[in-house]
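Report on the structure given below.
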Amino acid sequence: MIKYFFLIAITCLLSCKAQKEGHSPVGEKIENMVLVDHDSFSNIETYETRVIKDEKSLRKFYSEINKTRKPGRPVPKVDFSKEMVLLVCLGEQNGRQNAVLSKVKETDSEISIAVEMIKEQGEITVQPVYFPFYLYKMPLVDKTITFQKIDN
């Protein structure tokens, strides 16, 4: 009887670990979305998402994150006549987390994007503080884009 209990317990533990390692996003993959820039340190202290559709707004964001950097991060090249930029700032994070974007729902007028927060696995006792941001570019669409934050 005890033998079966240990066998079931070990099977459950191993299956749970395998599910965490092979994480799949909440929604479906967003076609033609490319990660343009990412860094663990920005000056943005709260969670924030933006859709950027012009060069001036992109330069304004980079001037904000480059205030404490010498030299600053270069502004990525984006053709705003064909592309737009999705900006995800995670705000203050204890330990490293990654943002995974996926499309949850799309209608004729709206695209709903899930921003899933996934903690990096590790055995660190002291968690450093990060302020990460992610910058994605994708083809220009004439739809409203909404973001849903999902914590894991």
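These figures come from a predicted structure and were not determined experimentally.
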Hydrophobic cluster membership, Tyr130 vs Ile44, 4.5 Å side-chain cutoff: no

So which of Leu87, Asp37, Asp39, Leu90 actually passes side chain to side chain contact (heavy atoms under 4.5 Å, CB included) with Tyr134? Leu90

How about Gln148 and Ser112: does a side-chain donor come under 3.5 Å of a side-chain acceptor? yes

Can you check whether Phe80 reaches Ser57 side chain to side chain, under 4.5 Å on heavy atoms? no

Evaluate the side-chain proximity of Leu86 to Phe147: yes if any heavy-atom separation is below 4.5 Å, no if none is. yes

Rounded distance [0.5 Å steps], CD1 in Ile111 versus OG1 in Thr144: 9.5 Å

Is a side-chain N or O of Asn32 found less than 3.5 angstrom from the main chain of Met138, in a donor-acceptor match? no

Got a sec: does the NZ of Lys105 have more than 12 other heavy atoms crowding it under 6.0 Å? no

Interatomic distance, NZ@Lys137 vs NZ@Lys82, rounded to 0.5 Å, equals 10.5 Å

So which atom in Phe133 and which in His38 form the shortest heavy-atom distance, rounded to 0.1 Å? O-ND1, 3.0 Å

Which atoms form the tightest heavy-atom contact between Glu55 and Val75, and what is the distance? OE2-CG1, 4.1 Å

Determine whether more than 12 heavy atoms belonging to other residues, nucleotides or ligands lie under 6.0 Å from atom NZ of Lys60. no

Decide whether Leu101 and Tyr47 are clustered together by the hydrophobic rule: side chain heavy atoms of Ile, Leu, Val, Met, Phe, Trp, Tyr closer than 4.5 Å, transitively. yes

Is the shortest side-chain heavy-atom distance between Val85 and Val36 below 4.5 Å? no

Using the side chain to side chain contact (heavy atoms under 4.5 Å, CB included) definition, which of the options Arg50, Met84, Lys103, Glu110 pairs with Ile145? Met84

Within one Ile-Leu-Val-Met-Phe-Trp-Tyr cluster: Leu35 and Met33, side-chain cutoff 4.5 Å: yes

When rounded to the nearest 0.5 angstrom, what distance separates NZ in Lys77 from CG in Asp79? 12.0 Å

Output for pair (Asp54 CG, Ser81 OG), nearest 0.5 Å, gives 13.0 Å

Any idea which heavy atoms bring Val104 and Ile113 closest together, and the distance? CG2-C, 4.4 Å

Ignoring hydrogens and geometry, is there a side-chain-to-backbone donor-acceptor pair from Ser42 to Phe131 under 3.5 Å? yes

Scanning both residues in full, the closest heavy-atom pair of Glu31 with Pro139 reads O-CD, 4.4 Å

So with a 6.0 Å cut-off around CZ of Arg59, is the heavy-atom count from everything else above 12? no

Are Ile65 and Ile52 co-members of a hydrophobic cluster defined by side-chain heavy atoms under 4.5 Å apart? yes

Heavy-atom closest pair, residues Pro76 and Leu135: CG-CD2, 3.7 Å

